[in-house]
Colleague: 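One structure follows; several queries about it will come next.
Position 1 is the first residue of the sequence, and the numbers go up from there. Counting starts at 1 for both ligands and their atoms, in listed order.
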Amino acid sequence: MTASAPLITLNNGVEMPALGLGVFQSPPAETVGAVEAAIAGGYRLVDTAAAYGNEREVGEGIRRSGIDRGEVFITTKLWISDYGYEQALIGFDGCLRRLGLDYVDLFLLHHPVPSDFDGTVAAYKAAEQMLADGRARAIGVSNFSERHIENLIGQTEVMPAVNQVELHPFFTQQALRAFHAANGIVSQAWSPLGGVNRYRPADASDVKNPLEHPTIVELASKYGKTSAQVVLRWHLEHGVSAIPKSVKPHRIAENFDVFDFTLTPDEVAAIDALDTGIRGGPDPELINTELYPFKVEN
Ligand code: NDP
């Protein structure tokens, strides 16, 4: 029997699988097959974004898989070139059109734009409209700090259901996770396997790869699992949703084969202790359209 991921109930009652497939940097030509392989292997969550350039292929992969639309949870994200209220509505329409769907399960703002936070707030208000119209079942944010969320919720109505942030054994986001828990926001891990440290290393001669850390390698050996499986299990033990990316069918399967073992509280704590406090991705305070001039064509 194909295993299924545990479900996390979002703050509006919508259920989201805890484990899904990410497709950042998945080339469009490989994305259809990756999504099909994931669905066939039991995945029911796919995470894409307007900026990834593969929403069409995600939609195509889902259609080709033959699964009922209602059985799969699709997340996409509005890019910062589409912030502001009217532009965000156009951007959200573009996402749905490219995906070939009439609703998504989760719409996220991809980043805060702290230097133009009014535009960010206006985009979130457009997301609230999408929610009210039934074109999104839940809405949330990505890469927001505690301060960004406080600023946002002071000016809007709907508490974000999810904040998707960099989160892995070398960047555990303990304080932000506690803030999320206190506010009913689900923490979702991007680069759950520490991928950003490998494809965007701060120092190419000294790549900080959690999959090679002795603590994780030893646990993998103890359980007869791989390092990636131990790390994904660690996310699940924390109640964190994880969206590992792969375009390789054997890794897509490997990353979902994590429901037949558990880590003890001491083992979870041993992985927690690997935190370096150093993020691999960009500082959310610095995101704006000058740093990222890329524009999504709607
Ligand atoms: P991950 O931690 O998921 O790592 C992905 C990398 O690890 C890829 O190079 C992949 O290569 C490789 N990999 C996958 N599985 C394994 C395995 N079992 N063993 C060894 N290597 C493996 O990093 P990502 O940054 O891709 O994050 C995952 C997802 O999070 C993204 O796809 C995207 O959906 C989301 N994301 C969101 C961001 C945001 O700003 N909101 C930013 C970044 C990511 P290969 O494909 O060759 O297998």
Side-chain angles (χ1 to χ4, degrees), residues 17 19-31 33-35 37-38 41 43 45-55 57-58 61 73-80 104 106-113 140-145 148 160 162-173 176 186-201 207-213 216-217 220 225-235 240-258 279-284 286-287 291-292 294:
L19 186 64
L21 178 75
V23 297
F24 174 45
Q25 304 182 106
S26 300
E30 293 170 52
T31 301
V35 169
Y43 287 71
L45 162 62
V46 182
D47 179 88
T48 185
Y52 297 171
N54 55 20
E55 287 173 307
E57 289 74 17
V58 167
F73 190 105
I74 307 298
T75 303
T76 195
K77 312 182 195 87
L78 186 76
W79 185 242
I80 58 173
V104 289
L106 180 63
F107 256 137
L108 302 178
L109 299 194
H110 206 140
H111 290 282
V113 179
V141 294
S142 177
N143 298 303
F144 275 47
S145 67
H148 299 140
V162 169
N163 186 18
Q164 184 186 113
V165 293
E166 179 179 347
L167 205 174
H168 48 75
F170 287 171
F171 194 61
T172 63
Q173 299 265 30
L176 186 59
V186 169
S187 302
Q188 188 170 57
W190 67 252
S191 270
L193 305 174
V196 65
N197 287 1
R198 297 191 292 281
Y199 60 70
R200 205 188 118 145
V207 175
K208 309 282 189 212
N209 182 1
L211 302 183
E212 291 175 355
H213 192 282
I216 290 168
V217 171
K225 297 301 242 183
T226 66
S227 288
Q229 290 168 330
V230 167
V231 168
L232 292 170
R233 195 65 232 174
W234 169 80
H235 287 287
V240 167
S241 168
I243 44 170
K245 173 264 180 184
S246 182
V247 289
K248 299 185 169 67
H250 72 278
R251 282 183 172 168
I252 291 172
E254 174 186 332
N255 294 343
F256 206 69
D257 183 13
V258 294
R279 67 173 78 243
D283 179 350
L286 304 179
I287 303 290
L291 185 70
Y292 288 118
F294 168 74

Colleague: Among all protein non-hydrogen atoms, which one is nearest to atom 25 (O) of ligand 1, and what is the separation to 0.1 Å?
Modeller: Y199 OH, 2.4 Å
Colleague: Counting only nitrogen or oxygen atoms and a 3.5 angstrom limit, does V247 reach ligand 1?
Modeller: yes
Colleague: Taking non-hydrogen atoms only, is S191 closer than 4.0 angstrom to ligand 1 via side chain, backbone, both or neither?
Modeller: both
Colleague: Does V196, backbone or side chain, put an N or O under 3.5 Å from an N or O of ligand 1?
Modeller: no
Colleague: Among W79, F144, F294, W190, find the residue that satisfies the ring-ring contact (aromatic ring centres under 6.0 Å, His included) test when tested with H111.
Modeller: W79
Colleague: Does any N or O atom in L193 lie less than 3.5 angstrom from one in ligand 1, N or O only?
Modeller: yes
Colleague: Can you tell me the protein heavy atom closest to atom 29 (C) of ligand 1 and the distance?
Modeller: I243 O, 3.1 Å
Colleague: Please work out whether any backbone atom (N, CA, C, O) or any side-chain heavy atom from C-beta onward of R198 is under 4.0 Å from ligand 1, and answer side chain, backbone, both or neither.
Modeller: side chain
Colleague: Starting from atom 13 (N) of ligand 1, find the nearest protein heavy-atom neighbour and note its residue, name and distance.
Modeller: R251 NH1, 3.7 Å
Colleague: Could you tell me whether V23 and ligand 1 have an N or O pair separated by under 3.5 Å?
Modeller: yes
Colleague: Measure P192 to ligand 1 on non-hydrogen atoms and call it side chain, backbone, both or neither using the 4.0 Å cut-off.
Modeller: both
Colleague: How close does the nearest protein non-hydrogen atom get to atom 4 (O) of ligand 1, and which residue and atom is it?
Modeller: G195 CA, 3.5 Å
Colleague: Is it the side chain (CB and beyond), the backbone, both or neither of T48 that lies under 4.0 Å from ligand 1, heavy atoms counted?
Modeller: neither
Colleague: Write out the residue and atom name of the closest protein heavy atom to atom 5 (C) of ligand 1, then the distance separating them to 0.1 Å.
Modeller: K245 O, 3.4 Å
Colleague: Looking only at protein heavy atoms, which one is nearest to atom 48 (O) of ligand 1, and how far off is it?
Modeller: S246 OG, 2.6 Å
Colleague: Indicate yes or no: does an N/O atom of K248 lie under 3.5 Å from an N/O atom of ligand 1?
Modeller: yes
Colleague: Any side-chain heavy atom of R251 sitting closer than 4.5 Å to one from P244?
Modeller: no
Colleague: Apply side-chain hydrogen bond (donor to acceptor under 3.5 Å, both in side chains) to the pair T76 and E55, showing each step before the final yes or no.
Modeller: CA-CA 8 Å; T76 195; E55 287 173 307; 2.6 Å; yes
Colleague: Starting from atom 31 (C) of ligand 1, what is the nearest protein heavy atom, named by residue and atom, and what distance separates them?
Modeller: F24 CB, 3.4 Å
Colleague: Take the angle between the ring planes of Y52 and F24 and call it parallel below 30°, perpendicular above 60°, tilted in between.
Modeller: tilted
Colleague: Heavy-atom distances under 4.0 Å decide this one: backbone, side chain, both or neither, for S142 against ligand 1?
Modeller: side chain
Colleague: For atom 42 (C) of ligand 1, what is the closest protein heavy atom, and at what distance to 0.1 Å?
Modeller: W190 CD2, 3.2 Å
Colleague: Check the orientation of F170 and H168. Use parallel for under 30°, tilted for 30 to 60°, and perpendicular for over 60°.
Modeller: perpendicular
Colleague: Quick check: does Q164 get an N/O under 3.5 Å from an N/O on ligand 1?
Modeller: yes
Colleague: Show your working on salt bridge (Lys or Arg N to Asp or Glu O under 4.0 Å) between D47 and K77 and close with a plain yes or no.
Modeller: CA-CA 9 Å; D47 179 88; K77 312 182 195 87; 2.6 Å; yes
Colleague: Work out whether the distance between some heavy atom of H168 and some atom of ligand 1 is less than 4.0 Å.
Modeller: no
